[in-house]
There are 2 protein chains.
Amino acid sequence: MVKPPSLQDVATAAGLSPATVSRYLNGSLSLPPDTAARIDAAIEALKYQPNPYARSLSRGRSDTIGLLVPEIDNPFFARLAAAVEREADAAGLALMLYSSLNRKDRELHYLERLRRNFVDGLIFATNHVDDGDLAAAIAQSSNVVVVDEDVAGVAAPKVFSDNVAGGRLAAEHMIALGHRRLAFIGGPEGLMSSQERFSGFRDEAKRAGAGVEAAFFGPYTLDHGREALCRLLKEHPEVTGAFIASDELLFGALETMRNRSVSVGRDLGLVTFDDAGPLAFFDPPITAIRQDVGGLAREAVRALRERLGGTPDNPVCRLPVELVVRKSVHALNAASSTG
Amino acid sequence: MVKPPSLQDVATAAGLSPATVSRYLNGSLSLPPDTAARIDAAIEALKYQPNPYARSLSRGRSDTIGLLVPEIDNPFFARLAAAVEREADAAGLALMLYSSLNRKDRELHYLERLRRNFVDGLIFATNHVDDGDLAAAIAQSSNVVVVDEDVAGVAAPKVFSDNVAGGRLAAEHMIALGHRRLAFIGGPEGLMSSQERFSGFRDEAKRAGAGVEAAFFGPYTLDHGREALCRLLKEHPEVTGAFIASDELLFGALETMRNRSVSVGRDLGLVTFDDAGPLAFFDPPITAIRQDVGGLAREAVRALRERLGGTPDNPVCRLPVELVVRKSVHALNAASSTG
DNA sequence: TCATGCCAGTAAAGCGATTTACAACATCAT
DNA sequence: ATGATGTTGTAAATCGCTTTACTGGCATGA
């Protein structure tokens with residue numbers, strides 16, 4: 001309620017000038033013990049806390065970074081946000097969380113905020129195909145790290161999961177359980193994540209002599225999951241195992257399967273990607289390729305800090321994924337040949 | 001990369017003083033059309049954006065509010081965050097999202113940030129029993145709105161769900177389907193949400209002549225859900241319907257049930273609270289009391305804005321909840337008597 | 001013609017920190 | 001005695017914007 005104490009107040013209380021106190025606090029001045037103690041005492045007595053706005057104005061930076069995600073109420077991005085929060089906090093950085101609702105205008109808006117120095121840097125996660133505007137806007141600001149999904153043509157540090165390996169693991173798993181007629185249900189065809197998850201899956205299937213009978217690309221939505229599974233059942237009844245490239249798509253697919261009394265695991269094996277939702281509690285529990293969300297956050301914050309520290313290059317970091325075997329793929333027969 | 005234009009730059013370009021431009025932009029000065037046009041043109045040409053830190057320093061407020069939740073990767077709080085983001089944005093407020101990890105020290109830390117004027121106001125959601133420290137800290141700052149869970153003894157605007165009605169609806173539903181021996185699995189006994197959900201449930205059961213055979217209070221964790229269900233099965237085999245007071249607890253309970261091959265719905269009817277997770281995709285889909293997360297967010301932001309506007313009183317707002325009937329409670333027999 | 005009021009706009013003092021450049025004083029070697 | 005070298009600080013400008021109090025100039029009415 002009452003106006004908080006300023007640096008001036010502390011200085012007066014300690015019988016010093018504001019400059020001295022400031023420099024002492026920021027370590028650019030070392031003082032004899034008794035002087036230092038006087039300052040410490042004054043700070044303690046007044047419960048002084050520096051005003052972050054004055055500090056940011058003066059220093060030209062805010063020690064605040066932003067995280068932009070398409071939607072925070074998607075379990076994957078929620079976990080990512082939590083992990084980034086933790087990493088940022090550990091690095092002494094405050095986090096501003098933004099959600100773009102997957103709309104380009106909002107994404108540009110927040111990039112603009114970066115340009116205004118509202119935040120020192122931005123960790124950027126998008127989920128839709130860019131027409132070039134995003135890439136252009138990102139190119140304007142430095143201090144952007146792209147995470148999870150690529151924005152084509154942008155020179156910035158990038159942190160991704162090893163989607164190709166994820167696709168490969170999914171294929172391997174189903175093939176090891178005897179499945180030979182496979183299918184893929186993925187996100188937008190223009191997105192790196194879709195392409196990579198698909199290519200890893202397809203290549204491993206080919207290598208193992210199995211066939212990918214169908215691939216359904218579309219938005220990362222419930223609806224696309226529902227419809228893709230409808231088409232799969234109708235057009236490719238021979239398929240016994242499907243790799244579904246996100247949790248959201250999985251939920252749609254599950255709905256269709258339940259409506260048609262197609263049993264998960266017995267009639268159609270399912271492996272999904274992300275493993276952010278409570279898949280272990282589904283019936284049956286869903287086998288998934290798990291992204292290392294903590295790792296993504298850690299590397300993204302690390303890359304951003306390096307960038308803030310002046311490092312000019314644009315490394316691309318790939319994080320390993322992991323197959324979490326649950327019960328959604330049954331063995332098709334006794335076979336377990338992998339080659 | 002290059003230093004962004006300042007108000008001074010705009011003023012120079014328009015042949016005016018900074019004060020004029022500032023006052024024009026803030027509406028405290030109306031100018032003849034041609035002068036205004038000159039300013040607009042200069043702003044456009046320079047792509048001027050006000051520096052938010054200078055602005056905040058000068059005005060003494062930031063038009064930024066904070067939302068503190070225990071953990072952002074809990075589906076309920078993730079949805080709350082998304083909804084608050086939307087509301088804040090609509091009100092021209094930026095949002096800083098914090099997660100306390102349910103730790104008192106971190107909660108106090110963020111309240112301190114409020115006191116420093118880092119944010120103008122704070123929407124505060126906690127999840128654990130307060131020993132008084134929190135209440136004391138909140139009392140220090142005005143401009144705090146308490147949401148979702150009460151902090152005892154705090155004078156602040158508050159926004160809650162109608163937990164009592166939620167308990168009642170759960171009981172009604174199970175009773176209407178013929179269940180007479182009921183149980184409750186809830187959060188910490190000292191928490192308002194637990195108490196209210198329980199009392200609504202118990203009172204309605206009593207009114208309808210059904211019995212609540214057992215109530216298990218404990219932390220809102222998977223573990224407590226698991227264990228409570230174990231005890232329920234062992235100590236009260238006569239119970240046919242349980243009300244589980246959060247999604248998290250539900251997941252634990254489901255695990256126990258699957259491990260013991262107890263069928264959800266057929267052997268034990270389940271109604272949960274929150275409905276934030278993807279319960280519709282579970283097998284069977286889980287019947288739930290749904291909180292109006294959008295409403296909570298809307299009212300919380302509204303209350304905070306009123307508070308920021310100077311309104312001194314501390315209203316408590318209760319939002320209606322809704323029973324979402326799915327398949328996790330079967331009819332016990334042909335009966336559907338409610339009284 | 002002179003007060004009056006309005007219009008269009010400005011000067012300058014903050015907001016609360018940081019930072020550069022320098023000052024006073026003591027110590028020490030020459 | 002003299003300059004060099006530390007030690008312990010300080011004065012004042014600066015960051016970019018807001019806001020209060022004013023100032024000229026012009027039209028109007030008496």
Side-chain angles (χ1 to χ4, degrees), chain A residues 2-40 42-43 46-64 92 94 112-120, chain B residues 2-40 42-43 46-64 94 112-113 115-120:
Chain A
V2 64
K3 191 174 122 170
S6 73
L7 190 64
Q8 177 63 256
D9 299 330
V10 174
T12 306
L16 294 165
S17 78
T20 306
V21 179
S22 173
R23 296 189 55 200
Y24 166 68
L25 289 178
N26 292 295
S28 74
L29 184 65
S30 58
L31 293 174
D34 62 323
T35 313
R38 253 172 33 241
I39 295 181
D40 293 340
I43 287 176
L46 296 169
K47 294 197 171 306
Y48 167 75
Q49 298 283 151
N51 176 312
Y53 292 103
R55 171 174 255 250
S56 294
L57 177 58
S58 186
R59 310 234 287 202
R61 66 197 165 81
S62 54
D63 293 325
T64 298
E112 186 57 42
R113 266 171 122 100
L114 169 61
R115 231 180 44 81
R116 290 201 217 179
N117 295 323
F118 197 71
V119 290
D120 295 345
Chain B
V2 64
K3 193 176 122 171
S6 74
L7 191 63
Q8 178 62 256
D9 298 331
V10 174
T12 305
L16 295 164
S17 77
T20 306
V21 178
S22 173
R23 296 189 55 199
Y24 166 67
L25 289 179
N26 292 296
S28 76
L29 184 64
S30 57
L31 292 175
D34 62 322
T35 311
R38 252 170 35 239
I39 295 180
D40 292 341
I43 288 176
L46 295 170
K47 294 197 170 308
Y48 166 74
Q49 300 282 152
N51 176 312
Y53 292 103
R55 170 176 258 251
S56 294
L57 177 57
S58 183
R59 311 233 292 205
R61 64 196 167 83
S62 55
D63 292 325
T64 298
E112 185 57 42
R113 268 171 120 100
R115 230 180 45 81
R116 287 201 219 178
N117 295 323
F118 197 71
V119 291
D120 296 344

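In what follows, every chain begins at residue 1, and chains take the letters A, B, ... in the order their sequences are listed.
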Requested in this report: Can you label the angle between the B/Tyr53 ring and the A/Tyr53 ring as parallel, tilted or perpendicular, going by 30° and 60°?
Outcome: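 The arrangement is tilted - the two ring planes meet at 30° to 60°.
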Query - Angle between terminal axes - the helix from C/dT1-D/dA30 to C/dT30-D/dA1, 5 pairs each end, rounded to 10° - result: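 That helix has its two terminal axes inclined by roughly 60°.
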**Report entry** Nearest-Å distance for atom pair CG/P, residues A/Leu29 and D/dT10
**Finding:**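 My rounded result for the distance is 9 Å.
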Query raised in the report: Can you name the residues that form a side-chain hydrogen bond (donor to acceptor under 3.5 Å, both in side chains) with B/Asp120, not counting sequence neighbours?
Result: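 Testing B/Asp120 for side-chain hydrogen bond (donor to acceptor under 3.5 Å, both in side chains), a comparison that skips the adjacent residues, returns B/Ser62.
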Report task. List in chain and number order the residues that pass side-chain hydrogen bond (donor to acceptor under 3.5 Å, both in side chains) with B/Thr12, two or more places apart in sequence or in another chain; answer none if no residue qualifies. Result ->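 Partners of B/Thr12 under the side-chain hydrogen bond (donor to acceptor under 3.5 Å, both in side chains) test: B/Gln8.
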Inter-residue atom distance [X].[atom1] - [Y].[atom2], 0.5 Å rounding:
{"X": "A/Ile43", "Y": "A/Leu7", "atom1": "CD1", "atom2": "CG", "result": "8.0 Å"}
{"X": "A/Ser58", "Y": "A/Asn51", "atom1": "OG", "atom2": "CG", "result": "11.0 Å"}
{"X": "A/Leu16", "Y": "A/Leu31", "atom1": "CG", "atom2": "CG", "result": "7.5 Å"}
{"X": "A/Gln49", "Y": "A/Arg55", "atom1": "CD", "atom2": "CZ", "result": "11.0 Å"}

**Report entry** Covered region of DNA chain C, 5' end to 3' end, by chain A [heavy atoms, under 4.0 Å]
**Finding:**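 Under 4.0 Å from chain A, the extent on DNA chain C is C/dG16 to C/dA21.
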Sequence neighbours excluded and cut-off under 3.5 Å, please list the side-chain donor-acceptor pairs for residues 18-25 of chain B, or say none.
{"residue": "B/Thr20", "atom": "OG1", "partner": "B/Ser17", "partner atom": "OG", "Å": "3.0"}
{"residue": "B/Ser22", "atom": "OG", "partner": "B/Asn26", "partner atom": "ND2", "Å": "3.4"}
{"residue": "B/Arg23", "atom": "NE", "partner": "B/Ser28", "partner atom": "OG", "Å": "3.2"}
{"residue": "B/Arg23", "atom": "NH2", "partner": "B/Ser28", "partner atom": "O", "Å": "2.8"}
{"residue": "B/Tyr24", "atom": "OH", "partner": "B/Asp40", "partner atom": "OD1", "Å": "3.1"}
{"residue": "B/Tyr24", "atom": "OH", "partner": "B/Asp40", "partner atom": "OD2", "Å": "3.3"}

Requested in this report: Measure across A/Arg113 and B/Ala94 and return the closest heavy-atom pair with its distance rounded to 0.1 Å.
Outcome: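 Shortest heavy-atom separation between A/Arg113 and B/Ala94 comes out as NH2-CB, 2.9 Å.
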Query raised in the report: Between B/Pro4 and A/Asn117, what is the shortest heavy-atom contact and its length?
Result: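 Heavy atoms of B/Pro4 and A/Asn117 come nearest at CG-ND2, 3.6 Å.
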**Report entry** Sugar-phosphate, base or nothing in reach of A/Thr35, heavy atoms under 4.0 Å
**Finding:**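 Result for A/Thr35 = sugar-phosphate.
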Polar atom pairs between nucleotides 15-18 of chain D and protein, under 3.5 Å, N or O only, would you list them?
{"residue": "D/dG16", "atom": "N2", "partner": "B/Ala54", "partner atom": "O", "Å": "3.4"}
{"residue": "D/dC17", "atom": "OP1", "partner": "B/Tyr48", "partner atom": "OH", "Å": "2.6"}
{"residue": "D/dC17", "atom": "OP1", "partner": "B/Asn51", "partner atom": "N", "Å": "3.2"}
{"residue": "D/dC17", "atom": "OP2", "partner": "B/Leu7", "partner atom": "N", "Å": "2.2"}
{"residue": "D/dC17", "atom": "O2", "partner": "B/Ser58", "partner atom": "OG", "Å": "3.2"}
{"residue": "D/dT18", "atom": "OP1", "partner": "B/Asn26", "partner atom": "ND2", "Å": "3.4"}
{"residue": "D/dT18", "atom": "OP1", "partner": "B/Arg55", "partner atom": "NE", "Å": "3.2"}
{"residue": "D/dT18", "atom": "OP1", "partner": "B/Arg55", "partner atom": "NH2", "Å": "3.1"}
{"residue": "D/dT18", "atom": "OP2", "partner": "B/Ser22", "partner atom": "OG", "Å": "2.7"}
{"residue": "D/dT18", "atom": "OP2", "partner": "B/Asn26", "partner atom": "ND2", "Å": "3.4"}
{"residue": "D/dT18", "atom": "O4'", "partner": "B/Ser58", "partner atom": "OG", "Å": "2.5"}

